[in-house]
Amino acid sequence: MTVVPPGGMLGILGGGQLGRMAAMAAARLGYRVHVFTPEADAPAADVAARATVADFADTDALDAFAAAVDAVTLEWENVPVAAIERLAGRVPVRPGAGVLAVTQDRIAEKAFAGRLGLGTAPWRGAATAAEAAAAVAELGTPCILKTTRLGYDGRGQARVRTGDDMAAAWARIGAPDRAIVEGVVDCACEVSVVLARGIDGAVAAYPAVENRHRDQILSETRAPADVPPATAAAADGAARALAEALGVVGILAVEFFVTRDGGVLVNEMAPRPHNSGHWTLDACPASQFEQQVRSACGLPLGDPTPFAGAVMRNLLGHDADRWADHLADPGARLHLYGKREARPGRKMGHVTHLLPLPPVGG
Ligand code: AMP
């Protein structure tokens, strides 16, 4: 169980805004960061000591990266497992390949949750459009057809209603080798839990937060979630059970649907900082990014207990052009990711307002 003390070089796989905020947290603790990213102009590379721009299949680049860093973490859960395994032969990688193998695949993820006795939306796997049509007939409409891999923010998904042409829906999600059909959950709201798990197995969880989406992209997170204590406790317990069973070292974010009777169903999970955890930068002693650095480097976890409630709003596309308004608002904490181009729906930044914490037990 290698500990990397401050002064070391932390490798981050992926170069997006999550890596950028992790790199800033690492710098605060005295680490330097080396980002490995397939994309030039990566937001994380702007704030890192070093950056490698190479494909995750480039074994020479991976070997050179492994030789240059003391520990590796990731900000994108779809880093190929083969790349993680190659690095792990040379340097600690947290979280490890086994965690990614589960969280990269919606079917593996739902089956894993099911084996722990945790509820999910009803689902079936399908390898062809005809199998998907049979699954829809079994589950009833409406359903959502999703790719098992690489979907995010609603990409690789199609809603299926009675009488819809399944071949067209299958083509719309990119005619994958394998897909999942999910029954649509009639949910009261959506919540998530972000937690960190250290190399010693200690867990530091943030309270459940409520997430609101627009066009299937997270638009707003309210912390803590305004849900009954039993619902928040169920989400917390499920996230802890998943983290334990996965043996994750690092961050685990778990998204849930809250059913009308206050129960929780696991939607998906990600072994990295999560958009719904950005509020922790401004409202908690140790943010999710600091916890990521601590866990990746084998340090004790920090205190996750919020000292304020918060509402975090994403700045998507040209929303970020209004930065001057946010700067003029004394209550607004503005975070911009330095992305050069504001495409529609692209996460350009976020703004957080602190709120009074609800009374304990309320
Ligand atoms: P996902 O990429 O699976 O998180 O889906 C993005 C969003 O689509 C979710 O946060 C929900 O708002 C909605 N969604 C996805 N799957 C379902 C489902 N089975 N039932 C209800 N809403 C869903």
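Each ligand, and each atom within it, is numbered from 1 in the order the structure gives.
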Proximity to ligand 1 by part of Asn267, non-hydrogen separation under 4.0 Å:
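The part of Asn267 near ligand 1 is the side chain, not the backbone.
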Part of Val185 with heavy atoms under 4.0 Å of ligand 1, whether side chain, backbone, both or neither
both
Before signing off on this row, confirm whether [X] and ligand 1 have an N or O atom pair separated by under 3.5 Å.
X: Val184; result: no
X: Ala121; result: no
X: Arg159; result: no

Looking only at side-chain N and O atoms, does [Y] offer a donor or acceptor that is under 3.5 Å from a partner on [X]?
X: Glu77; Y: Gln104; result: no
X: Thr52; Y: His34; result: yes
X: His326; Y: Asp329; result: no
X: Asn211; Y: Ser192; result: yes

Heavy-atom proximity to atom 13 (C) of ligand 1, best of Glu268, Arg214, His213, Glu190:
Glu190
Among Lys146, Gln216, Glu109, closest by any non-hydrogen atom to atom 3 (O) of ligand 1
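Going through Lys146, Gln216, Glu109 one by one, Lys146 has the nearest heavy atom to atom 3 (O) of ligand 1.
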Any heavy atom of Gly183 closer to ligand 1 than 4.0 angstrom?
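Judged by the 4.0 Å heavy-atom criterion, Gly183 does count as contacting ligand 1.
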I'd like to know whether ligand 1 has Trp123 as a neighbour, heavy-atom separation below 4.0 Å.
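Trp123 does not count as a contact of ligand 1 under the 4.0 Å cut-off.
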Counting only heavy atoms from other residues, nucleotides and ligands, does the tally under 6.0 Å from CZ of Arg90 exceed 12?
yes
Going by the order shown, which atoms of ligand 1 are within less than 4.0 Å of some heavy atom of Glu255?
4 (O)
For Ile144, take its heavy atoms, then give the atoms of ligand 1 lying under 4.0 Å from any of them.
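Every atom of ligand 1 under 4.0 Å from some heavy atom of Ile144: 14 (N), 15 (C), 16 (N), 17 (C), 18 (C), 23 (C).
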Closest non-hydrogen atom pair, Glu210 against Cys189
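Minimum heavy-atom contact is OE2-CB, 3.8 Å.
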Nearest non-hydrogen partners of Leu18 and Pro273, listed with the distance:
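Closest approach of Leu18 to Pro273: CD1-O, 3.4 Å.
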So do the side chains of Lys110 and Glu182 get within less than 4.5 Å of each other, counting heavy atoms only?
yes
